[in-house]
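When a residue number appears, it is its place in the shown sequence, counting from 1.
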Amino acid sequence: QVQLVQSGGGLVQPGGSLRLSCAASGIIFGIYTMGWYRQAPGKQRELVALMTSGGSPVLTDSVKGRFTVSRDNATNTVYLQMNSLKPEDTAVYYCNANLFTGTYWGQGTQVTVSS
């Protein structure tokens with residue numbers, strides 16, 4: 001059974017940092033494109049970052065220079081390091097694993113950036 005288990009969310013002040021983790025099981029992790037998406041209330045889910053199976057990162061413009069996506073194939077884990085957080089980063093963040101044969105989602109974790 002495929003599982004993507006997320007951790008690392010929480011409440012931080014503007015300018016602070018958080019590190020999100022997503023541990024996968026039930027898939028051949030090393031061949032999947034891993035991604036991070038977020039959804040704020042009243043908004044559509046949007047792509048934040050992708051990490052291809054070949055190790056090439058893609059970041060959406062609003063987080064470039066602040067966020068870093070990485071993956072560790074030895075532990076089947078993808079990370080999202082979030083620095084210089086802004087209130088507009090507040091959302092539920094979802095981990096995603098994608099291959100042409102299927103796509104899977106983590107349970108989501110709340111990130112709130114507020115004073």
Smallest heavy-atom separation, Thr33 atom then Ser53 atom, equals OG1-N, 4.3 Å
Phe67 ring center near Trp36 ring center (under 6.0 Å):
no
Distance col, row Asn96:CG vs Leu4:CG, nearest 0.5 angstrom, shows 7.5 Å
Rounded to the nearest 0.5 Å, the OG atom of Ser62 sits from the NZ atom of Lys86 at a distance of 8.0 Å
Result for side chain to side chain contact (heavy atoms under 4.5 Å, CB included) between Phe29 and one of Thr75, Asp72, Asn76 points to Asn76
Report task. Mind running side chain to side chain donor-acceptor pair (under 3.5 Å) on Thr90 and Glu88 for me, showing each step along the way? Result -> CA-CA 5 Å; Thr90 296; Glu88 51 262 46; over 6 Å; no
- [ ] Look at the side-chain heavy atoms of Ile, Leu, Val, Met, Phe, Trp and Tyr, link any pair under 4.5 Å apart, and say whether Leu80 and Met51 land in one connected group.
- [x] yes
What one should report as the nearest heavy-atom pair of Ile27 and Ala97 is CD1-CB, 4.0 Å
>> If you apply the rule side-chain contact (heavy atoms from CB on, under 4.5 Å), what do you find for Val69 with Val78, and how did you get there?
In response: CA-CA 7 Å; Val69 61; Val78 63; 4.1 Å; yes
What I'd like to find out is whether the side chain of Ser114 reaches to under 4.5 Å of the side chain of Gln13, using heavy atoms alone.
no
Applying side chain to side chain donor-acceptor pair (under 3.5 Å) to Gln3 and not counting sequence neighbours gives none
Hydrophobic cluster membership, Tyr32 vs Val2, 4.5 Å side-chain cutoff:
yes
Working for side-chain contact (heavy atoms from CB on, under 4.5 Å), residues Val48 and Val63 = CA-CA 7 Å; Val48 178; Val63 306; 4.2 Å; yes
Would a hydrophobic clustering, with Ile, Leu, Val, Met, Phe, Trp and Tyr connected at side-chain separations under 4.5 Å, put Ile31 with Leu50?
-> no
Next item on the list: Under the side-chain contact (heavy atoms from CB on, under 4.5 Å) rule, what do Val92 and Thr109 come out as? Steps first, then yes or no, please.
Entry: CA-CA 5 Å; Val92 177; Thr109 186; 5.9 Å; no
Between Ala40 and Ala91, the two heavy atoms sitting closest are N-CB, 3.9 Å
Value for CD1 (Ile28) from CG (Asn73), rounded to nearest 0.5 Å, stands at 12.0 Å
Residues passing the side chain to side chain donor-acceptor pair (under 3.5 Å) test with Thr68, sequence neighbours excluded, are none
Heavy atoms of Ala49 and Leu59 approach each other most closely as CB-CD2, 3.4 Å
Donor-acceptor pair, side chain of Gln6 and main chain of Tyr93, under 3.5 angstrom
yes
- Query: Going hydrophobic residue to hydrophobic residue with side-chain gaps under 4.5 angstrom, can you get from Leu18 over to Val113?
  - Reply: yes
Gln81 and Ser70: CA distance, side-chain angles, deciding distance, side-chain contact (heavy atoms from CB on, under 4.5 Å) verdict: CA-CA 8 Å; Gln81 178 67 48; Ser70 61; over 6 Å; no
d(Leu85 CG, Ser17 OG) to nearest 0.5 Å is 6.0 Å
Rounded to the nearest 0.5 Å, the OG1 atom of Thr103 sits from the CG atom of Asn98 at a distance of 4.0 Å
*Does NZ or CZ of Arg71 come closer than 6.0 Å to the centre of the six-membered ring of Tyr79, within 45° of the ring's axis?*
no
task: Check the hydrophobic clustering (I, L, V, M, F, W, Y; side-chain heavy atoms under 4.5 Å; chains of links allowed) and say if Tyr94 and Val58 are grouped together.
output: yes
Arg38 meets the salt bridge (charged side-chain N to carboxylate O under 4.0 Å, His left out) criterion, sequence neighbours left out, with Glu46, Asp89
Closest heavy-atom pair, Met82 versus Val111, reported as atoms and distance to 0.1 Å, is CE-CG2, 3.9 Å
